[in-house]
Amino acid sequence: MSVLAQPVPFERPPARPVDAPPTAKYVAYANEVATRLAGRLSGRERRRLEGERALLARARFIELNGVVHHYQEVGPSDGQPLVLIHGWDCSSFWWHHVVDPLAQAGYRVISYDLKGHGFSDTDPNQNYTVAGFSADLQALIRALDLGAVHLAAFSLGAFVGLHVAAHHPDMVRSLIFFNFSLLPYNKLASAFVPRLLDVVFNRVLRPIERRNLWWLPFIYARLVMAQHTPSISDIRLGTLGLRYCDPAAVRVSATELSRPEILNAVAEQARMIRQPLLLVAGANDPIMRPADGRKLVALTPNGSFLEVPKCGHLILFELPEQVIQIMRLFLKSVR
């Protein structure tokens, strides 16, 4: 059960030598939540904000390659480490349904915000590339002395997890990818899509969210990206990522993922990995199509594929209970 569904004391985790000061955007939002909770609210809105405050209370910060990152750690310190990587223009809060059940199952669960996303600082060098994100993940694993980790990744996060697993196999014990696949290169789409995404996310959806019109991005997501209707709390958490993602991260990442050498590298890296891999696809995902996910798994020597019926691209919010069950069963199989 997510902390959004149960009261959790507002307590800071104990300090560590590697801790960095909180980022300005984290402080601003934590203050905003505290201010709103001090005012008059409906019962539903108060419960939602109390849940967010509980999530905010778990925040830790660490400097990785010169950029302060927000992360959270839940579960026994001697548990097998499980690192969660969110998707493009999202945040670590997208995993909030998963964290506590996996921690209660005995895993040391670490979720973090990619630089420029969520409450992590922006990168002054705008190195929002797969290699750049991969270097940060490697630094996180080393800084927290995690050893070999299980990696669970959603969408863009899978590009990062695959890169680390292929090039630093000693760091990765197993891989679970949600909504990921081979993306065939298309010259016309590569010229058009990055510009379209820049307009849609940076010039339309982000300003709308800042005006608290969160239901407009939700309508877009429900009609285009999802097969199931997420809860109001999940909708608000999802659109919160829109507020704090660096617009440059959208432009740089979208442009890089349209380059043929980056797309071709996915197949090359899939052939390199020897770790157990489970790729979970939504049957109705309009972005990462299941057929292309099957092709990716076929390239791996130790991969398996699971297609979830009546599921779009937003599986973490659409079917969280199924995600938890899938992860538990897979992780148990690779102990």
Side-chain angles (χ1 to χ4, degrees), residues 1-10 25-26 28-59 70 72 74 84 86-102 111 113 117-119 154-155 178-179 200-201 204-245 282 284-287 308 310-325:
M1 179 181 292
S2 165
V3 296
L4 291 181
Q6 57 185 338
V8 176
F10 187 67
K25 52 185 175 178
Y26 168 83
Y29 190 68
N31 288 338
E32 178 183 326
V33 170
T35 299
R36 294 190 63 192
L37 282 170
R40 298 184 98 182
L41 298 167
S42 67
R44 185 174 70 176
E45 182 68 358
R46 182 168 297 278
R47 287 190 296 273
R48 183 184 73 80
L49 289 172
E50 285 175 346
E52 286 197 10
R53 183 175 66 171
L55 288 175
L56 291 165
R58 292 175 166 179
H70 163 247
Q72 302 195 356
V74 182
L84 311 176
H86 65 77
W88 186 80
D89 210 352
C90 302
S91 78
S92 57
F93 284 176
W94 280 58
W95 292 99
H96 76 92
H97 289 292
V98 166
V99 171
D100 286 301
L102 271 295
S111 56
D113 291 333
H117 295 70
F119 298 123
F154 167 67
S155 195
F178 293 93
N179 302 101
V200 170
F201 282 85
V204 178
L205 295 180
R206 218 176 301 286
I208 284 174
E209 195 285 331
R210 292 194 181 107
R211 292 180 176 88
N212 204 32
L213 301 174
W214 53 268
W215 49 273
L216 287 174
F218 161 67
I219 291 173
Y220 162 79
R222 181 62 185 86
L223 292 177
V224 178
M225 308 281 280
Q227 294 290 305
H228 298 265
T229 302
S231 69
I232 296 295
S233 296
D234 283 351
I235 296 163
R236 301 296 296 272
L237 279 181
T239 56
L240 183 63
L242 285 171
R243 185 189 308 189
Y244 290 116
C245 185
N284 305 104
D285 188 340
I287 299 174
V308 180
K310 198 182 176 183
C311 181
H313 188 65
L314 308 182
I315 189 171
L316 300 183
F317 286 163
E318 291 184 63
L319 299 169
E321 293 302 320
Q322 288 90 326
V323 169
I324 294 165
Q325 183 179 16

### Task
Show your working on salt bridge (charged side-chain N to carboxylate O under 4.0 Å, His left out) between Arg36 and Glu52 and close with a plain yes or no.
CA-CA 12 Å; Arg36 294 190 63 192; Glu52 286 197 10; over 6 Å; no

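- Note: Phe201 and Trp88 meet the aromatic proximity criterion, with ring centroids under 6.0 Å apart.
- A distance of 9.0 Å separates CD1 of Ile232 from CZ of Arg48, quoted to the nearest 0.5 Å.
- No side-chain heavy atom of Leu319 sits less than 4.5 Å from a side-chain heavy atom of Lys310.
- Interatomic distance, CZ of Arg47 versus CZ of Arg44, reported as 8.5 Å (0.5 Å rounding).
- With values rounded to the nearest 0.5 angstrom, Asp285 atom CG is found 9.0 Å from Ile315 atom CD1.
- Between the CG atom in Asn284 and the CE atom in Met225 there is a gap of 13.0 Å [rounded to 0.5 Å].
- In this structure, the separation between CG on Leu240 and SG on Cys90 is 11.5 Å, given to the nearest 0.5 Å.
- A donor-acceptor pair is defined here as one N or O able to donate and one able to accept, closer than 3.5 Å; such a pair exists between the side chain of Glu318 and the backbone of His228.
- Under the 6.0 Å cut-off for aromatic ring centres, Phe154 and His313 qualify, their centroids lying closer than that.
- Inter-residue side-chain proximity for Leu84 and Leu102 is flagged as unmet; no heavy-atom pair is nearer than 4.5 Å.
- Scanning all heavy atoms of the two residues, the minimum distance from Asp89 to Cys245 falls at OD1-CB, 3.0 Å.
- Within the 4.5 Å cutoff, no side-chain heavy atoms of Asp113 are placed close to those of Tyr244.
- No side-chain heavy atom of Gln72 sits less than 4.5 Å from a side-chain heavy atom of Val99.
- For the pair His96/Leu237, a side-chain contact is recorded, criterion being any heavy-atom separation below 4.5 Å from C-beta on.
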### Task
Given side chain to side chain contact (heavy atoms under 4.5 Å, CB included), test Leu37 with Arg53 step by step and report yes or no.
CA-CA 9 Å; Leu37 282 170; Arg53 183 175 66 171; 3.9 Å; yes

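- Annotation: Glu45, atom CD; neighbour count of heavy atoms from other residues, nucleotides and ligands within 6.0 Å is above 12.
- Across all their heavy atoms, Arg46 and Gly39 have their closest contact at NH2-O, 2.7 Å.
- Contact of the Phe119 side chain with the Leu56 side chain is registered, since non-hydrogen atoms from C-beta on lie closer than 4.5 Å.
- Counting all heavy atoms, side chain and backbone alike, Ser91 lies closest to Gly118 at CB-CA, 3.9 Å.
- Nearest heavy-atom pair, His70 versus Ser92, reported as atom, atom and distance to 0.1 Å: CE1-OG, 3.7 Å.
- The minimum heavy-atom distance between Phe317 and Gly238, with the atom names listed, is CE1-CA, 3.9 Å.
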### Query
Can you check salt bridge (charged side-chain N to carboxylate O under 4.0 Å, His left out) on Asp100 and Arg58, steps first, answer last?
CA-CA 12 Å; Asp100 286 301; Arg58 292 175 166 179; 2.8 Å; yes

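- Of all heavy-atom pairs spanning Leu314 and Ala226, the tightest one is CD1-CB, 4.2 Å.
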